[in-house]
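In what follows, a single structure is set out as structure tokens and then discussed.
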Amino acid sequence: MTDKFARLTIDGSDNTIDLPILSGNLGPDVIDVRSLGSSGCFTYDPGFLSTASCESKITFIDGGKGILLHRGYPIEQLADQSDYLETCYLLLNGELPNEQEKAEFENTITQHTMVNEAMARLFRGFHHDAHPMSMMCGAVGALSAFYHDSLDISNPEHRKTSAHRLIAKIPTLAAMCYKHHIGQPFMYPRNELSYSENFLHMMFGTPCDEPNVNPIIARAMDKIFLLHADHEQNASTSTVRLAGSSGANPFACIASGITALWGPAHGGANEAVLKMLDEIGSVDNIDEYVLKAKDKNDPFRLMGFGHRVYKNFDPRAKVMKETCAEVLNELGINDPQLAIAQRLEQIALEDEYFIERKLYPNVDFYSGIIMKAIGIPTDMFTVIFATGRTVGWIAHWNEMVSESYKIGRPRQLYTGYEARDYQTMDKR
């Protein structure tokens, strides 16, 4: 029980309502409004700007201080000392694995990387120029047709098996999306490769060649997956939770998250960064475009700056910036886009306009440049994002269905017609 309350007085009424104030381990207090509906009122919060939709122990963000914690561990430490699969284990289980647990988890994921051969026939049904995200949505949803043995969401072992299958098979499906898109044969996963090595092999390998993955590029890919693994109650994660609240199977729920991620305001932001850098074209044009960005009447916007949650430097962007430099140095790429990006970052950190509005570079700012350097086309960027984010989605889904929950059912502020009588055709 809480001993703190917020008192709500409704104007023109003698009623006052005491609403409990709940405190988490970190972050701001929340006002529990669940009892408010019985008074004939609802809260109104379009975009959920001030609404906590659930209780969670997985990820914490302090946007003002630029803090991102996974199960209490700072993202910078995980990116520097951990790897993607170990972070997956952490998100799913709440603690870092010991040596034996990590080896067993990695082996389990490796054993689940293959997909049913019928999935290849499914892909061949897509048009040759289908967008990779459209294929990804369909393919992930279709997985539920193959795994009837583990769809009882009330069974913890079924949920664990589904989580392992999704983490393992999503990279295989992502690579199949790419291969179908460019008309090349699918590549089977190789068990001797690491998670990220295997993904790059399935993306860029051919049946004529033995796997040959640059370890620096593989590590960069692993960091991209890790830095996108989870980000609290964003649009796609909230979509997965809402779909899951109906009792839908995990494959359908993750497919719903992929569709939400597809939106350019969410998963498509790193693609928008590259398009912006292309539009600027040269370092010589930056001052002109910065002025355009400051002009509220000009449609041009600087992409990759600012964040809905972070009002400080995105901690993931710092790691991504270092990784970007490593990749370009390894590949010997003197990318003019990087020069533009570096100059824009310098301006954002020094110019009062950006400082006052807290428009710092975010994770999308550098991730697009890295993926372009690796050879991943822009229409695959969101698929890569989905691959990394799958573990976050499944961890939140599992957390929700492991406990008592209700189907999500928001209400609305109705502004349409009042009740009116049906008019026959001759009176309209």
Side-chain angles (χ1 to χ4, degrees), residues 53-59 70-71 84-85 87-94 105 108-116 118-119 122 133 135-174 176-177 195 225 228-262 266-267 382-383 385-408:
S53 62
C54 64
E55 178 183 324
S56 181
K57 298 178 175 66
I58 298 172
T59 293
H70 289 335
R71 301 288 192 179
Y84 179 66
L85 281 186
T87 301
C88 287
Y89 185 98
L90 171 68
L91 290 171
L92 291 173
N93 298 287
F105 182 72
T108 297
I109 298 302
T110 299
Q111 297 305 315
H112 279 301
T113 53
M114 291 282 286
V115 297
N116 192 292
M119 292 296 291
L122 173 70
M133 278 296 282
M135 292 186 278
M136 196 69 170
C137 293
V140 173
L143 287 177
S144 60
F146 294 91
Y147 300 111
H148 306 290
D149 63 330
S150 58
L151 294 183
D152 181 0
I153 65 173
S154 66
N155 186 322
E157 287 303 312
H158 282 206
R159 297 199 301 270
K160 180 191 288 188
T161 299
S162 293
H164 293 164
R165 283 173 170 161
L166 279 159
I167 293 168
K169 296 180 191 304
I170 290 287
T172 306
L173 295 177
M176 293 175 78
C177 290
Y195 190 86
F225 288 150
H228 287 90
D230 189 50
H231 210 236
E232 203 226 65
Q233 305 307 317
N234 50 77
S236 57
T237 301
S238 297
T239 299
V240 170
R241 279 185 174 262
L242 187 59
S245 75
S246 72
N249 73 72
F251 303 103
C253 293
I254 300 309
S256 75
I258 293 171
T259 59
L261 187 69
W262 196 354
H266 190 4
T382 315
V383 175
F385 192 154
T387 302
R389 183 56 56 86
T390 293
V391 66
W393 291 331
I394 200 70
H396 281 275
W397 172 83
N398 185 58
E399 180 181 64
M400 183 186 69
V401 299
S402 298
E403 302 170 354
S404 176
Y405 65 96
K406 295 181 179 180
I407 185 171

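The analysis underlying the following values was restricted to heavy atoms, covering all of them including side chains, and did not include hydrogens, waters or symmetry mates. For reference, positions follow the sequence shown, starting with 1.
With a 4.5 Å cut-off on side-chain heavy atoms, Ile170 and Met136 count as touching. Taking 4.5 Å as the limit, some side-chain heavy atom of Leu85 sits within range of a side-chain heavy atom of Ile167. Between Leu143 and Arg165, every side-chain heavy-atom pair lies at or beyond the 4.5 Å cut-off. Residues Phe225 and Pro171 form no side-chain contact, since every pair of their non-hydrogen atoms from C-beta on lies 4.5 Å or further apart. Contact check for Lys169 versus Phe251: no side-chain heavy atoms found under the 4.5 Å cut-off. A 4.5 Å side-chain heavy-atom check between Met176 and Val115 finds at least one atom pair inside the cut-off. Between Cys54 and Glu403 the shortest side-chain heavy-atom distance does not fall below 4.5 Å. Using a 4.5 Å cut-off on side-chain heavy atoms (C-beta onward), Thr161 and His164 make no contact.
With Ser144 contributing its side chain and Gly141 its backbone, the two residues share a donor-acceptor pair below 3.5 Å. Judged by distance alone, with hydrogens and angles left aside, the side-chain atoms of Thr113 form no donor-acceptor pair with the main-chain N or O of Ile109 at under 3.5 Å. Side-chain N or O atoms of Asn155 include none that pairs as donor or acceptor with a backbone N or O of Asp152 at under 3.5 Å. Formation of a donor-acceptor pair under 3.5 Å by the Ser162 side chain with backbone atoms of Ser150 is found in this model. Although no hydrogens or angles enter the test, the distance criterion places no donor-acceptor pair under 3.5 Å between the side chain of Glu399 and the main chain of Ser56.
In this structure, Ala163 and Leu92 approach most closely via the heavy-atom pair CB-CD2, 4.3 Å. Looking at every heavy atom in both residues, Pro250 comes nearest to Ile394 through CB-CD1, 4.0 Å. Nearest approach of Cys253 to Ala248, heavy atoms of both residues: SG-O, 3.6 Å. Shown here for Leu91 and Ala395, the closest heavy-atom pair between the two residues is O-CB, 3.7 Å. Looking at every heavy atom in both residues, Val240 comes nearest to Trp397 through CG1-CB, 4.0 Å. Val383 and Ala174 get closest at one heavy-atom pair: CG1-CB, 3.5 Å.
In this structure, Asp230 CG and His70 NE2 are separated by 5.5 Å, a value rounded to the nearest 0.5 Å. Summarising the geometry, atom CD1 belonging to Ile407 is positioned 5.0 Å from atom OG belonging to Ser245; distances are rounded to the nearest 0.5 Å. Atom CD1 of Ile254 is separated from atom CZ of Arg389 by 11.0 Å, given to the nearest 0.5 angstrom. Here the CZ atom belonging to Arg241 is positioned 12.5 Å from the OG atom belonging to Ser256, to the nearest 0.5 angstrom. One distance of note links NE2 of His158 with CG of Asp149; it measures 6.5 Å at 0.5 Å rounding. Taken to the nearest 0.5 Å, the CD1 atom of Ile258 stands 6.0 Å off from the CE atom of Met133.
Counting non-hydrogen atoms of neighbouring residues, nucleotides and ligands closer than 6.0 angstrom, the CD atom of Gln111 exceeds 12 such neighbours.
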(Q) Working note: His396 + Gln233, criterion side chain to side chain donor-acceptor pair (under 3.5 Å); need CA distance, chi angles, decisive distance, verdict. (A) CA-CA 9 Å; His396 281 275; Gln233 305 307 317; 3.2 Å; yes
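The aromatic rings of Tyr195 and Tyr84 are tilted relative to each other, their planes meeting at an angle between 30° and 60°.
Side-chain contact, His266 with Ser236: a donor N or O sits under 3.5 Å from an acceptor N or O.
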